[in-house]
**Student:** 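Okay, here's the structure, questions in a sec.
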Amino acid sequence: MTEDELQTRVIANIRTLRKKRGLSQERLADKADISRQMMNDIEGRRRWLTKGTIVKLANALEVDVYEFFIPAAGESDSAKEVYDAITQKLVRQVKEAVDQALAQLSVSHPGER
């Protein structure tokens, strides 16, 4: 990953989170205690984020900082494929665990319902 790709990812995630919360750039800037121009420059890729600004934006959006670095949903087909594969595996493992727990309950309490 290049620095440019990282910047694109972080900005896309900030924008997505901002819109999910129904916030304008101006409102997010106010909540994060940064200038409105800075917020505009960040989303316009004219300014890169400092550590302090990242923390302020995460707090204003009420998310953990790591959420800015997660691949965006439409970022790449391969990221979506990996996400789908992990999701399918987790669902399968949870289903197996539930089935095992239910089987153990029926063995330890036969005839009870």
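The figures here come from the full heavy-atom set of this structure, side chains too, leaving out hydrogens, waters and symmetry mates.
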**Student:** Considering all heavy atoms of both residues, which atom of E43 and which atom of Q25 are nearest to each other, and what is their separation?
**Tutor:**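 Reported closest heavy-atom pair: OE1-NE2, 2.9 Å.
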**Student:** Apply side chain to side chain contact (heavy atoms under 4.5 Å, CB included) to residues Q7 and E3 and explain how you reach the verdict.
**Tutor:** CA-CA 6 Å; Q7 183 179 14; E3 184 176 338; 5.6 Å; no
**Student:** Distance check, rounded to the nearest 0.5 Å: R15 atom CZ versus M39 atom CE?
**Tutor:**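 So the gap between those two atoms works out to 8.0 Å.
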**Student:** Between atom OG1 of T53 and atom CG of D33, what is the distance when rounded to the nearest 0.5 Å?
**Tutor:**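 CG of D33 is found 10.0 Å from OG1 of T53.
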**Student:** Taking all atoms of both residues into account, what is the closest heavy-atom pair of A29 and S35, and its distance?
**Tutor:**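 So the two residues come closest at CB-O, 3.7 Å.
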**Student:** State the CD1-CZ distance between I54 and F68, to the nearest 0.5 angstrom.
**Tutor:**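 With rounding to 0.5 Å, CD1 (I54) is 7.5 Å from CZ (F68).
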**Student:** When you check the side-chain N and O atoms of T8 and R45, is any donor under 3.5 Å from an acceptor?
**Tutor:**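 The answer is yes; a qualifying pair exists.
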**Student:** Under the side chain to side chain donor-acceptor pair (under 3.5 Å) test, which residues partner R46, sequence neighbours left out?
**Tutor:**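 Expected list: N40, D41.
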**Student:** If you count every heavy atom of other residues, nucleotides or ligands that lies below 6.0 Å from Q93 atom CD, does the total exceed 12?
**Tutor:**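 Above 12, so yes.
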**Student:** If you look at every heavy atom in L6 and F69, which pair is closest and at what distance?
**Tutor:**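 Taking every non-hydrogen atom into account, CD1-CD2, 3.6 Å.
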**Student:** Hey, which of V63, L17, V10, L28 is the one that makes side-chain contact (heavy atoms from CB on, under 4.5 Å) with L57?
**Tutor:**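 The single option meeting the side-chain contact (heavy atoms from CB on, under 4.5 Å) with L57 is L28.
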**Student:** If you compare all heavy atoms of R21 against all heavy atoms of L61, which two are closest, and at what distance to 0.1 Å?
**Tutor:**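 The answer is NE-O, 2.7 Å.
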**Student:** Which residue pairs pass the side chain to side chain donor-acceptor pair (under 3.5 Å) test with at least one member in residues 54-71, sequence neighbours excluded?
**Tutor:**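 Side chain to side chain donor-acceptor pair (under 3.5 Å) check on residues 54-71 returns no pairs.
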**Student:** Please step through salt bridge (Lys or Arg N to Asp or Glu O under 4.0 Å) for the pair E26 and R36, ending with a clear verdict.
**Tutor:** CA-CA 5 Å; E26 294 80 14; R36 293 174 178 194; over 6 Å; no
**Student:** Test your reading of the model: is there a side-chain donor-acceptor pair from R47 to the backbone of I42, 3.5 Å cut-off?
**Tutor:**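 It does not hold such a pair.
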